[in-house]
Structures are given as C-alpha cells and as structure tokens.
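Accompanying notes for the structure given below.
We use all heavy atoms of the structure for the numbers below, so side chains are in, but hydrogens, waters and symmetry mates are not. Chain letters run A, B, ... following the sequence lines, proteins first and then strands; every chain starts at 1. From a predicted model like this one, the values you see are computed outputs, not experimental measurements.
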Amino acid sequence: MSKPRVRFAPSPTGALHIGGLRTALYNYLFAKKMGGEFILRIEDTDQTRYVPGAEDYIMEALEWTGLALAESPKIGGDYGPYRQSERKSMYADFGHQLVKNNWAYYAFDTAEELDAERLKVESDGGTFSYNVHSRGNLKNSLTLGEKEVKALLDAGADFTIRLKCPADEIVYVEDIIRGRVEFQSNLLDDKVMLKSDGMPTYHLANVVDDYHMKITHVIRGEEWLPSTAHHVLLYRALGWEDQMPQFAHLPLILKPAPASYINPKKVDGLTEKFTSEFFKKHPDFTLKSKEQVYQMIRGILLDVKDISNRVQVKPKDKEDKIVIKEFLKSTLFGKLSKRDGDRLGFPVFPLSWQGEKADDHFTGFQEVGFDPKALLNFLAFLGWNPGTDQEIFSLEELVESFSLERIGKSGARFDYEKAKWFNQQYLIHGNDQEIAAQLKPMIEEKGWTASDEKLQKVASLFKERASFTKDIPDAALFLFTDDFSYDEKNGRKKWKAAHAEKNHALINILKETSDFSAENLETIIKGFIEENGLGFGDVMAPLRIAVSGKAGGPSLFDILALLGKEKTVDRLEKGYAHFASLQV
RNA sequence: GCUCCUGUAGAGUAAUCGGUUCAACUCGUCGCUCUUUCACAGCGGAGAUUGCGGGUUCGAAUCCCGUCAGGAGUACCA
C-alpha cells in the first residue's frame, strides 16, 4: 500500500479551537504512525467569513505544539496550491462537468425565493428541503426548458449548481471509527456545489482537493458525518469512486460536566453570569423579572445532582419556563465553545487571540502556562486511549501507540482539572535545568536577579507543588526579595510568647554557625528542639513564617540554606519582633 | 420536525468481536501513612442496579426490539 496522506483542513474564520487542534493531532499521529504525510490545507471558500490573521494563527498553533507539516500554504509541496481560494477555477470546471454528466443541475432560485418557499412549506407544518421531491417544482435546469436555461446562462443570471441526489437508494460509508453508516438517498438534500459567486461549497472543494492531493484518509469531526453521504455520491459522480479516501469521524469535545464546576460556593457568581447571558440572548424577554429569572436559575443550579432532569422541558411547563430551561440546557450541555472558556475561566484555544474588535480577545493555553507537550498529551486522551494504564506519553510515544481503531465513539468531556494535572506531571518530571531556564526571564521581569544555580535549586524544590512553571516565582518570591508579607493569621497562631526566649536563643546559635548547609542546619535545629524539650511546631512554624511569610512550602532546611546565614538571621529577628507585636 | 451519532461511578476511559474474579485504571473527592508545613509519594474508603424496559441465552455492559435522554446535521458556513 502506498504511503497514507492525511490533511488537516481548517477554515480561517477565527482562532483554532481546541477541538481543531485535537483533529490535527490525530491526523498527525496517524500519518507518523503509518509513515505517511501530514498536510495543511486552508479552506477559505467563504469570503464573507474570512478573518485576517486566522491562517497565521493556525500555523503558529501547530508550530507551538510541534505538529510538523509536510506540506502547507507556507512550505508548499507537489500538490499545491494549498489554499482553496487559489484553486477556484478548478472547482467551477468540475461543477459544470457534473451538470454535463447529469449528476447535477443549474438552479436559478434566489436566496429570497428559497426563503419564501421555505416559509410557505413550514407554515403548512412541513419542512422544506431542496431534494428529489421538491426539485421538480423549483426554478432549475431540470424544470426549465433547454432554451430558457441557455438564455439565462447567456444573460449572466446568477445560478448555483446543485448535486442531483439519486432516488431510492441506500448510500453508505464504512467509517473506521463508527462502522457502516447508512443513509436513505431520498432524504438527502440537493446540496449546493458551486455558489453563485463562483466559489465552491465545502462539499465540492473538499472532494476535489482530497482527490487531487491524493488524500487516503479523511479524519475529521463528527459534525461532518451527516454530509458524508453527499461526499460519497460526489466521488461516484466524478468517477473517482475507486480512489475515495477512507473516513474516520472523531467524537466531539463536550462542555465540562456541570457537577464538576457547580458547587454551593460558586453558585451565586455562576447564577449572575448565566442570568446576564440569558438577557443578552433574549433581550425581549418580559415574562419574568430579572430577579425572578435569577432565582429560577439559582434554584436549578443548586440542584446539581439532578440538573439534567431539572433542565428538561416538561409538558406542563409554561413558555417562560421553557425559554429558561432551553437556555440552560444549551449553556450547560453540548459542544465545548469559546463562551464556556470565558464563563468557567479556562482556555479553549491554544494561543491567545486578539480580533479586530476589542472584546474579541481571549487567552490561550500557552499564556496560562501550559507546556505544549502536556496539552497534546491531554488532548490525545480526549477521545482516544492506548488500552493500557499508561497516561503520560511523549509525542513519539503517542505516535507509537496510536491507532484510529482505539478512538471512542462517544463525545469526550473537557476536564480542565485533568489538563492541569497533565501539566503538573510534565513539570514534576521535567528537567531542573530547563525549568530554571524558563524561570529566568520571569524572575527578571519582576526585577529580581538570581544565579542559574539558585534557579535550578528553586526549580527542584518548588516544581512538585505547582501546576505551572509560572506559578513558581510567586511561590518562591521570598527567595528573591525581602519585600514579602506575612501570613498574619498563622503568624499570630504559631507564635507562642512562652517560647519567645528560646526562639531568640536559636537565632544566636544560627549566628554562630559557619556551616549553613541544609544537612547541618537540620542537625543543629533538631538538636536544639530536643535539648529544650520543645515541639517541632513550636520552633519550625514561626521560623518558616518569619523567613518566607508563608505557612507551607518546601523543606525548611533547604530554604534556610538557600537564603544564607545573613538573611536568615535578619528575617528571624524582624519576624519574631513582628509576631510578638501581634500578640496583644 | 426530519436525518445521523452517542449513552459504563462527579469526569476521562477499560473490560482480548457473550463466559472465571467484588465491572478495572486514571483524575477528582474523603481518610490514613510519611513530614515542621504545603505538596509529592504510598496505602485505603466512598462512589455504577453498565440511561430505562423487555427479549435471546446456561450466561449480556457486550446480541435483538422498544423507549427515554443528550449531541450533531438539517444554509449559495465550514
């Protein structure tokens, strides 16, 4: 078998969503695993939705995560161009060929006419679809005479080309992930292939391009499954049936489970957000006051355990209730969206994005502090699993263990806690030198300085109590500056006036100590505690707070050693004086 | 409405294409151990009548039928 070729084909309508990144990942993994090629194609056939900067964003995101492309608009390749807008002429030719072979027809209905028709049918309780049943009554080359069609065409009338779906047939796809999926051709609508602006729709363009780019496997999101029937028909109509790629439709990435983020503590804030969102979405809603809506939403959120049931519309529900329930249902369940990120406070995009409008801005995984390797690892498990207990995988290991067959069919729920856990794992198992190198600019930005040696030590001491590298500078702030504040509550609690004298005696002992290594400090301090019949907490706790301001942190002896004698003694004197003053 | 997809503990998944065992593992949660503290680590607990109801079978999470729920699609968007 020849080398597989797979493509990632996003449209540049905005930043690349995390689901898109995961599609890219799976394409990449499959290609590498099979020794094939991973290529990028930009699907920009809708000029009205084109967003400047989106294409660059996509490529930057792929670069950041290390998903290397074999061919793309930027690096080129033997099957270019890789931007559909640059392949425009080609599609029109195939569109007309389709008509010539009686696999499609010209349709002259305007958008307004179709809307009117749709309205008419729906008012009679039906549903409008441009298909086998209705095409005989509409304005197209099937119903109009040959002459009339020619006249219209010659006169430059606007037209679209629509696929003529066959009657009474079962169209099927053998999906790698889902198995055989069947469709009744009578129910398929005659999708537009070529728009009146001369641009192809996604359906035509993607089939034509996949064929010409010799794509062997189409790995894409589940939202494409229903239209795959049309794609299968297209391959047949174009005479490429024997070269049709294999399909694999990926499960969706769903919003986090409500129970994972709704709790009594957060319910008020959440209710407020939901309520204002509700009125943004339904500005004309007057059935209930804002306060009433707030109370109703709050009541439902409070009952997290039964939330899916509470949100269900019951037959006796009145209209106001229905509207609110439907709103909650759609904001609580379903596909992960950008809004979820805003609302719940986690990134949904790999990199930060600034659109043309000021409020079209959001932060990405990168800015939050994620290691791209951890992100990829996390994403890989959203829908796929290796069948073993191993969870931490390098990209290479992912390639090695990956297979399309092990991708699940059901939607994968986004779990931000798990994402953070992955990042922490990478941090803990990361190399101290590398972490120190990342730390350096962060430290400098805060106006501090530190030797590489010290930064490495800090990395090793602090990495296992942080989720992100960028959390470390703040956690270790007292090692870089004297300008830190005390945990007053614990300072007051841990400082015992009764032991004040002895604690001050320890300062004097430390003053006399020449060997300020962690090991030596440990023997000295532990010795002191024993000799004086004190508890560890009596001495260690105030010591820690005086020196670091905090009640928790890495081994105290390591910290003192890192701080050095002078600073240690100085801080103890200041700190103990401060604690004593709190005792009033 | 119609079409298609999906339904295993709070979450992510597993269970060699019906068959030993308490339905397994990870995250989260709770507790214990370790420790001056926080974290890491280790150990343990709670949490699932495998959406529900039937059926086939000696035996079903796995097969069949029904039903409910959720999602996606239903554009001259991708």
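If you take atom C1' in U49(B) and the same atom in A61(B), they sit 12 Å apart, rounded to whole Å. Between U26(B) and A41(B), the two P atoms lie 12 Å apart (nearest whole Å). Comparing the same atom, P, in G53(B) and in U13(B) gives a spacing of 25 Å after rounding to whole Å. The same atom, P, is picked in U8(B) and in U3(B); the two are 24 Å apart, to the nearest Å. Between G70(B) and A24(B), the two P atoms lie 30 Å apart (nearest whole Å). For the C1' atoms, the distance from U35(B) to U29(B) is 23 Å, rounded to whole Å. Comparing C65(B) with U56(B), their C1' atoms are spaced 11 Å from each other, to the whole Å. Straight-line distance between the C1' atoms of G45(B) and C52(B): roughly 30 Å, to the nearest whole Å.
Within 4.0 Å (heavy atoms only), F381(A) reaches sugar-phosphate atoms of the nucleic acid but no base atom. Using a 4.0 Å heavy-atom distance criterion, D109(A) is classed as a base contact. Residue contacts for G221(A): at a heavy-atom cut-off of 4.0 Å it reaches no nucleic acid atom on any strand shown. Counting any heavy atom pair closer than 4.0 Å across all strands shown, K550(A) reaches no nucleic acid atom. No engagement by A541(A) is indicated, since no non-hydrogen atom pair under 4.0 Å with the nucleic acid exists. Using a 4.0 Å heavy-atom cutoff across all strands shown, K418(A) reaches at least one base atom of the nucleic acid. Across all strands shown, S555(A) has heavy atoms under 4.0 Å from base atoms, whether or not it also approaches the sugar-phosphate. Among the protein residues, T45(A) comes within range of the sugar-phosphate backbone only, with heavy atoms under 4.0 Å from sugar or phosphate atoms but none that close to a base. G334(A) comes within 4.0 angstrom of the backbone, heavy atoms only, and of no base.
Each of C76(B), A78(B), A14(B) was ranked by its minimum atom distance to the side chain of L114(A); first place goes to C76(B). Set against C5(B), U6(B), U36(B), the side chain of K409(A) has U6(B) as its closest nucleotide. In this structure, of C77(B), C4(B), C40(B), it is C77(B) that holds the atom nearest to the side chain of R49(A). Comparing atom distances between the L252(A) side chain and each of A72(B), U36(B), C76(B) picks out A72(B) as nearest. You'll find that the side chain of E222(A) is closest to G71(B), out of G71(B), A75(B), C40(B). Closest to the side chain of Q424(A), out of C76(B), C4(B), A39(B), is A39(B). Residue R413(A) places its side chain closer to A11(B) than to any other of A11(B), U6(B), A78(B). Among the nucleotides G1(B), U13(B), U74(B), the one closest to the side chain of K191(A) is U74(B). Comparing atom distances between the S11(A) side chain and each of A78(B), U37(B), A15(B) picks out A78(B) as nearest. You'll find that the side chain of Q312(A) is closest to G70(B), out of C27(B), G70(B), G73(B).
Between K494(A) and U36(B) there is no side-chain polar atom (N or O) within less than 4.0 angstrom of OP1 or OP2. For A15(B), the OP1/OP2 oxygens have a side-chain nitrogen or oxygen of R406(A) closer than 4.0 Å. Contact annotation: K195(A) side-chain N/O to A78(B) OP1/OP2 distance is under 4.0 Å.
Centroid-to-centroid, the aromatic rings of H230(A) and F183(A) stay 6.0 Å apart or farther. Separation of the F378(A) and W421(A) ring centroids does not fall under the 6.0 Å cut-off. In summary, the aromatic rings of F346(A) and F414(A) are positioned with their centroids under 6.0 Å apart. Ring centroid separation for the pair W384(A) and F402(A) comes in under the 6.0 Å cut-off. With ring centers used as reference points, W224(A) lies under 6.0 Å from Y202(A).
Across all strands shown, G66(B) pairs with C52(B); the Watson-Crick or G-U wobble distances both stay below 3.5 Å. In this structure A72(B) sits in a base pair with U3(B), meeting the Watson-Crick or G-U test at under 3.5 Å. Under the Watson-Crick or G-U wobble criterion, with both distances below 3.5 Å, A14(B) is left unpaired in every strand shown. Across the strands present, U57(B) finds no partner; the criterion is a Watson-Crick or G-U wobble pair with both atom distances under 3.5 angstrom. Base-pair partner of U29(B): G45(B) (Watson-Crick or G-U wobble, both distances under 3.5 Å). Using the Watson-Crick or G-U wobble rule with both distances under 3.5 Å, U35(B) pairs with nothing in any strand shown.
With hydrogens and angles left out, the side chain of T160(A) and the base of C76(B) share no donor-acceptor pair within 3.5 Å. No hydrogens or angles were tested; on distance alone, nothing pairs the side chain of R465(A) with the base of C40(B) as donor and acceptor under 3.5 Å.
In this entry the distance linking CD of E391(A) with P of A11(B) reads 17 Å, nearest Å. In this entry the distance linking NZ of K255(A) with C1' of G12(B) reads 18 Å, nearest Å. Atom CD1 of I529(A) and atom C1' of U37(B) are 13 Å apart (whole Å). Rounded to whole Å, atom C1' of G73(B) lies 10 Å from atom CZ of F183(A). To the nearest angstrom, P of U36(B) lies 11 Å from CG of L556(A). Between L254(A) atom CG and G10(B) atom P there is a gap of 16 Å when expressed in whole angstrom units. Atom pair I253(A):CD1 and U13(B):P shows a separation of 10 Å (rounding to whole Å applied). Atoms NE2 (H249(A)) and C1' (G73(B)) sit 11 Å apart, rounded to a whole Å.
Applying side-chain contact (heavy atoms from CB on, under 4.5 Å) to K496(A) and the options N503(A), D538(A), L534(A) leaves one that passes, D538(A). Tested against Y130(A) for a side-chain hydrogen bond (donor to acceptor under 3.5 Å, both in side chains), the candidates D109(A), D190(A), T160(A) yield a single pass: D109(A).
Using a cutoff of 4.0 Å between basic side-chain nitrogens and carboxylate oxygens, D209(A) and R7(A) are not scored as salt-bridged.
Projected onto RNA chain B by closest heavy-atom contact, P10(A) and M540(A) fall at different nucleotides, the more 5' of which corresponds to M540(A). Projected onto RNA chain B by closest heavy-atom contact, E182(A) and F159(A) fall at different nucleotides, the more 5' of which corresponds to E182(A).
Within the 4.5 Å cutoff, the side chain of K255(A) has no heavy atoms near those of the R413(A) side chain.
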